[in-house]
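Structure first, then comments.
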Amino acid sequence: MLEKNYNPKDFEEKIYADWENSGDFKPDMRANSDAFSIVIPPPNVTGYLHMGHALNNTLQDILVRYNRMLGKKVLWQPGTDHAGIATQMVVERNLAKEGISRHDLGREKFIETVWKWKEHSGGTITKQLRRLGASCDWSRERFTMDEGLSRAVRKIFVHLYKDGLIYKAKKLVNWDPKLGTAVSDLEVVQKETVGKMYYYKYPIEGEKGEYIHIATTRPETMFGDTAVAVSKDNEKLKHLIGKNCIIPIIDKVIPIIADEHADPEKGTGAVKITPAHDFNDFEVGKRHNLPLVNVLNADATMNENTPYPGLTTQEARVKTIEKLTELGLMDKIEDHPMVIPYGDRSGVVIEPYMTDQWFVDAPVLAKEAIRVVEEGDMQFVPKSYEKTYFEWMRNIQPWCISRQLWWGHQMPIWYGPDDTIFCEETEAEAQAAADKHYGKHVELRRETDVLDTWFSSGLWAFSTLGWPDKTEYLETFYPTSLLITAFDIIFFWVARMMMMSMYMMKRVPFKKCYIHGLVRDEKGQKMSKSKGNTIDPLDTIEKYGADALRFFMAAMETQGRDINLSEARITGYRNFATKLWNAARFGEMNDCFTNREFNPDNAKLAVNQWIIAKAREATKEVTDNLESYRFSDAANAVYQFVWGSFCDWYIEMIKPILYGDNDADKAETRAAFAWVLDRILIILHPFMPFITTELWNNTAKRDTKLIHASWPKDENIDTKAMERIDWTIDLISAVRSLRAEMNLPAGAKPIIYLKDANTQSIDNLQSFGKIICSLARLEKAEAFHGEVTPDMVQNVFKESTLLMPLKGVVDFAAEKERLQKELAGLEKRLAGYANKLNNPGFVERAPAAVVEEEKRRQAEALESKSKVEAALARIANF
RNA sequence: GGGUGUGUAGCUCAGGUGGUUAGAGCGCUACGUUGACAUCGUAGAGGUCACAAGUUCGAGUCUUGUCAUACCCACCA
């Protein structure tokens, strides 16, 4: 028995628990069928589900469930990411509340604390994914820091190192002074700000009263200047090339050099060169062999190479300007719009900073990753993201993978007493290598840096399947079929997975990559905690059910576009679920589910043939659209079929049969109803797994669970059966329009005569007369005479020449009088408008808006007039 | 500066290779409690498909340009 009301909270969690406990998400490894696999984009282990996850995982689950029903061996591999920086920050923040820093604890204790915290609050997001209905094989859940995955990380690291593709170098990197670590280019966000441009001058050595004028946004870095550059094409300044100038305050002599980096059009034409604190200057420095002078400490305070050790850059800037002014060297200060780099996690200004770091030779790895996409071994959906990918891959820079953090994969690097590097998978192997190298036992020191989180994420597609071991799962499911992810992660993750897999596995990590957009708020604004416009998907699920949220995501997902969250729309899809629920209850009340013996190809009644054909047509549409990743089209096809065909027409049309007394017709119709409802449950299941399962379980005793029901393919669609009822529906709609147009009272039961009907329509009228009369509320529907083709009949409907004798139903005399009165009124109004608008005084002097309004009213009245005239003409016959 | 999108009904958006009358949901108007459903039904109003030129028998769809808008990358002395 179905409950009267659709209440998803009553069954969603129960149904999920049953799937999980029965192992329904596990692939049947013995099955002799194709494999389909997806690896989940691992959410942060300590994260919470947000709308982006809801979208991402709904799309994955739809395809996973669909492919499972196709009978494939399906694996959806779940897991979480250790999220180095993010997690370390959270734990540090928690410690800070107790007044403890990580340094108080020490590295080992701190990592222990993080693990404890992970155990404690790590399961949240996976529980939330279950609530959404994600049918991942949780028995295979992995974590990027678990032993197996760590082994994979060490192995590939050593491999890359020995191939010369990982190297250590002292380079200028993006330095996050708050976190005290290097970060990659991708982790830096540029923000527009209004800053100041400082213009001042350096005295020329040995030429009293001569100066070179420079401009900078960061005067405090002048103590790190090791040259001033001028273009050799700069007519005004080129005479200074080869001379020296003096950095004021510290009175340091530096050369004036020729370099094309100095654009005569910009600033003063002369550029101070600070190789240790600017990426461009670093390159200039390399070209001219300039020394590097570091002026900052790791926490971005000034160091002892400056007159202001310990001060912040801001404080030092003020002091420097004061001093320059005092020395009479300041020219001017101007407001200057500029872009400043910030750490995307820490939110502080990122400093270019000289340190020893580890790099992956990304330009080399990118080659194969580019080639396989060019050759179509991996395809982006939508295809346009290929360009973004190529653009980035072709201009890729070495990837800085070392982080001066504690939480993460410690690099498998050991140093000997003379700093010789030993890179091995285990400490024992490193020790052995070192002992051999030195010819005696030595003490080794392990590299303290950990790896960028994305290094381990880059291995996700194969490390989760058991690599480096040769496992059955790796054999069966690699390369994975598909990756579904958001566009903002193409560079971070997709690109790195491609590089890592091409390097290590010599195969693509996934054959296709579906990229979706962002979920924004109602107004199209990006959701963010700081704006306070985030909506918790769990709240939405609580209110409307997981099915409604899922269907919303599917229905809104059109390739290449962001989704604006709309509560009204989610409500609409909850209503859709209610509608389906009630339709099922209708079936139950009419005893449709007792006899499940039914062969749809043997249906005799036209309505049943019709709905079966429609159901098959809808199935094909859903199938085709899912195959081409057109989620919205697939969702809309089910929606239209369920609401527009099944509920609006089929149920209405079978009422006379079900309430009638032809037992054979009744039996067939009941069985057909059950068959169609089953079909709906099957094709809707990937989108709304909960309600469909609940209805499946409550409408029959089944041998197969819905989640494993087989997806219908290659069916014969009887278009003839569709046309007959479609014709009938058109006729009923036409009559209904006419009734409304003629203001017929609800109780009126007129007769219609179909003018010039042909044999087909005569036949249709005879077959469906009862249905037509019932749904259009007619006394009788009869054919007129003559030959008319079906599309001409349409025109007949259109022109309203459908004959509808209404004597006795409508008082024509009164109606005529009413219409004539209305016409007279309209004519009077029209005369008024014409009078006004023909008056030059009005047109010239009245405000334009008023004239426009008057014209609009005139047009409106004209339109009404023609309608009334048409109505009068129509009833003139009676 | 380089690149990629977007601009269609009051709102939010669909509209594979050009092809009858451009669609949906919400909102709006009128009617309706007819034995699944008011979380509903019936009917209806509402569009110069941003603008301009071009290709074509035919353009929302293709080309070029303009305007508006969003995002990505790089740089900014």
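No hydrogens, no waters, no symmetry mates; every other heavy atom, side chains included, goes into these values. Here the structure is a predicted model, which is why all the values come from computation and not from measurement. Sequence lines set the chain letters: A, B, ... in the order given, protein chains first and strands last, and positions in each chain run from 1.
- Taking syn as a glycosidic angle within 90° of 0, G16(B) qualifies as syn.
- For Lys272(A) and Asp278(A), the salt-bridge test fails: no basic side-chain N is under 4.0 Å from an acidic carboxylate O.
- A donor-acceptor contact under 3.5 angstrom links the side chains of Asp259(A) and His288(A), judged on distance only.
- If you take atom P in A24(B) and the same atom in G47(B), they sit 15 Å apart, rounded to whole Å.
- Side-chain atoms of Glu391(A) and Thr388(A) include no donor-acceptor pair closer than 3.5 Å.
- Taking only side-chain nitrogens and oxygens, Ser632(A) never comes nearer than 4.0 Å to OP1 or OP2 of A14(B).
- As judged by a 4.0 angstrom heavy-atom cut-off over every strand, Thr268(A) is placed among residues making no nucleic acid contact.
- As judged by a 4.0 angstrom heavy-atom cut-off over every strand, Thr216(A) is placed among residues touching the sugar-phosphate backbone only.
- Judged by distance alone, with hydrogens and angles left aside, Glu652(A) brings a side-chain donor or acceptor within reach of the base of A36(B), the pair sitting under 3.5 Å.
- Residue contacts shown for Asp488(A) are absent, as no nucleic acid heavy atom lies under 4.0 Å away.
- For the P atom pair drawn from A45(B) and G10(B), the interatomic distance equals 15 Å after rounding to whole Å.
- Residue Lys655(A) is in base contact, counting any heavy-atom pair closer than 4.0 Å across all strands shown.
- Although no hydrogens or angles enter the test, the distance criterion places a donor-acceptor pair under 3.5 Å between the side chain of Lys531(A) and the main chain of Lys526(A).
- U17(B) and U61(B) are spaced 11 Å apart, taking the C1' atom of each and rounding to whole Å.
- Using a 4.0 Å heavy-atom cutoff across all strands shown, Met589(A) reaches sugar-phosphate atoms only and no base atom.
- Atom name C1', nucleotides U39(B) and C26(B): the rounded distance is 14 Å, in whole Å.
- Within the structure, a side-chain polar atom (N or O) of Tyr659(A) is placed less than 4.0 Å from OP1 or OP2 of A36(B).
- Residue Arg218(A) is classed as having no contact, given no heavy-atom separation below 4.0 Å to the nucleic acid.
- The aromatic ring centres of Phe646(A) and Phe673(A) sit less than 6.0 Å apart.
- Using a 4.0 Å heavy-atom criterion, one finds that Ala262(A) contacts the bases of the nucleic acid, with or without backbone contacts as well.
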Self-check item: Worked check of side chain to side chain donor-acceptor pair (under 3.5 Å) between Glu621(A) and Asn625(A)
Solution: CA-CA 6 Å; Glu621(A) 271 179 68; Asn625(A) 285 314; 5.0 Å; no
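- Here Lys579(A) lies in heavy-atom contact (under 4.0 Å) with a base.
- Listed for the Glu334(A) side chain is no donor-acceptor partner under 3.5 Å among the backbone atoms of Tyr199(A).
- Using a 4.0 Å heavy-atom distance criterion, Arg736(A) is classed as a sugar-phosphate-only contact.
- Arg585(A) comes within 4.0 angstrom of the backbone, heavy atoms only, and of no base.
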Quiz item: Under a 3.5 Å cutoff on both atom distances, Watson-Crick or G-U, what's the dot-bracket for RNA chain B ([ ] crossing, | other strand)?
Solution: (((((((..((((.....[...)))).(((((.......))))).....(((((..]....))))))))))))....
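- Residue Asn625(A) is in base contact, counting any heavy-atom pair closer than 4.0 Å across all strands shown.
- Here Thr388(A) lies out of heavy-atom contact (under 4.0 Å) with every strand.
- A sub-4.0 Å separation between OP1 or OP2 of C75(B) and a side-chain N or O of Asn280(A) is absent.
- Residue contacts for Tyr199(A): at a heavy-atom cut-off of 4.0 Å it reaches no nucleic acid atom on any strand shown.
- In this structure, Lys9(A) pairs ionically with Glu542(A), as a charged nitrogen and a carboxylate oxygen lie closer than 4.0 Å.
- The P atoms of A22(B) and A59(B) are separated by 14 Å, rounded to the nearest whole Å.
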